[in-house]
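In what follows, a single structure is set out as C-alpha cells and then discussed.
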Amino acid sequence: MVYYLTACITSLSAFLGLAFSIYAIKNSDNQEKTNALYMFARSMAILFISVIPFSQRSDVLLRIITSSMLIIQVIDCIVGIYIKNRMRTVGPSIMAVLHAICLLI
C-alpha cells in the first residue's frame, strides 16, 4: 500500500511539473518560450520515469525517483522564495514534504 501511495505522489508531482511547463509554453514569448520548451522536455522525461514503478515493482527504483522529485521540489521552492511568489513556494514545499514523508516510511 505504501509503495503505491509513494508511486502515486511521485507521479502526481511529475505530472504537475509537466502541466506547469505546458502553461509556461502557452504564456511565453521568444526566449522565454525556448526555456519553457526545454523545461517541457525535461518534465516529460521525468513523468515517463515516474510511471515505471507501476509496471516494475522496485523499491530501490521508486526511492531513486522519489528522491529526485524531492530535490526538484526543494529547488522549485527555493526559486519561489527567490522570486517572492507564494504559490510557487507553497506548492513545491508541500510536495517536498510529501516526498520526504514517503521516503521515511
Side-chain angles (χ1 to χ4, degrees):
M1 178 68 177
V2 173
Y3 176 88
Y4 288 107
L5 177 63
T6 300
C8 285
I9 290 171
T10 301
S11 291
L12 173 65
S13 182
F15 176 78
L16 290 172
L18 181 66
F20 276 107
S21 69
I22 292 169
Y23 176 81
I25 291 168
K26 289 182 178 181
N27 294 305
S28 59
D29 294 318
N30 302 325
Q31 183 61 37
E32 288 179 358
K33 186 170 292 257
T34 301
N35 292 337
L37 288 167
Y38 278 111
M39 185 173 70
F40 173 78
R42 285 152 180 78
S43 297
M44 183 65 77
I46 292 168
L47 179 62
F48 282 138
I49 291 168
S50 76
V51 298
I52 293 172
F54 290 105
S55 63
Q56 182 177 349
R57 187 169 162 80
S58 169
D59 291 338
V60 173
L61 183 60
L62 181 58
R63 283 190 186 109
I64 291 168
I65 297 166
T66 302
S67 297
S68 299
M69 289 308 305
L70 172 62
I71 293 166
I72 290 167
Q73 294 297 355
V74 167
I75 293 170
D76 284 350
C77 178
I78 292 168
V79 170
I81 292 168
Y82 178 76
I83 64 172
K84 296 178 175 69
N85 184 313
R86 183 176 291 172
M87 184 67 169
R88 292 188 179 180
T89 302
V90 173
S93 63
I94 290 170
M95 292 308 296
V97 168
L98 288 174
H99 291 305
I101 291 169
C102 287
L103 288 169
L104 291 174
I105 57 174

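Quick caveat: nothing in here was measured; it's all calculated off a predicted structure.
Put simply, the side chain of Ser21 never gets that close to the backbone of Ala36: no donor and acceptor are under 3.5 Å apart.
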Checklist entry - Could you walk me through whether Val79 and Arg88 pass the side chain to side chain contact (heavy atoms under 4.5 Å, CB included) check? => result CA-CA 8 Å; Val79 170; Arg88 292 188 179 180; over 6 Å; no
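Under the side-chain hydrogen bond (donor to acceptor under 3.5 Å, both in side chains) criterion, the residue pairs touching residues 71-82 are Ser13-Gln73, with sequence neighbours excluded. Legend: side-chain hydrogen bond (donor to acceptor under 3.5 Å, both in side chains) pairs involving residues 1-10, not counting sequence neighbours, sorted by first then second residue: Thr10-Thr66. Evaluation of the side-chain hydrogen bond (donor to acceptor under 3.5 Å, both in side chains) test over residues 29-54, restricted to residues two or more places apart or in two chains, returns Ser11-Ser50, Gln31-Asn35.
Ile46 places a side-chain heavy atom less than 4.5 Å from the side chain of Met69.
Other cluster members for Leu70: Val74, Ile78, Leu103, joined by side-chain heavy-atom distances under 4.5 Å among Ile, Leu, Val, Met, Phe, Trp and Tyr. Other residues sharing a hydrophobic cluster with Ile49 under the 4.5 Å side-chain heavy-atom criterion for ILVMFWY residues are Ile52, Leu61, Ile65. Ile25 belongs to a hydrophobic cluster whose other members, connected by ILVMFWY side-chain contacts under 4.5 Å either directly or through intermediates, are Phe15, Leu18, Ile22, Leu37, Phe40, Met44, Leu47, Phe48.
Under a cut-off of 6.0 angstrom, the local environment of OH in Tyr23 is sparse, with at most 12 non-hydrogen atoms contributed by other residues, nucleotides or ligands.
Every residue meeting the side chain to side chain contact (heavy atoms under 4.5 Å, CB included) condition with Leu5, not counting sequence neighbours, appears here in chain and number order: Ile9.
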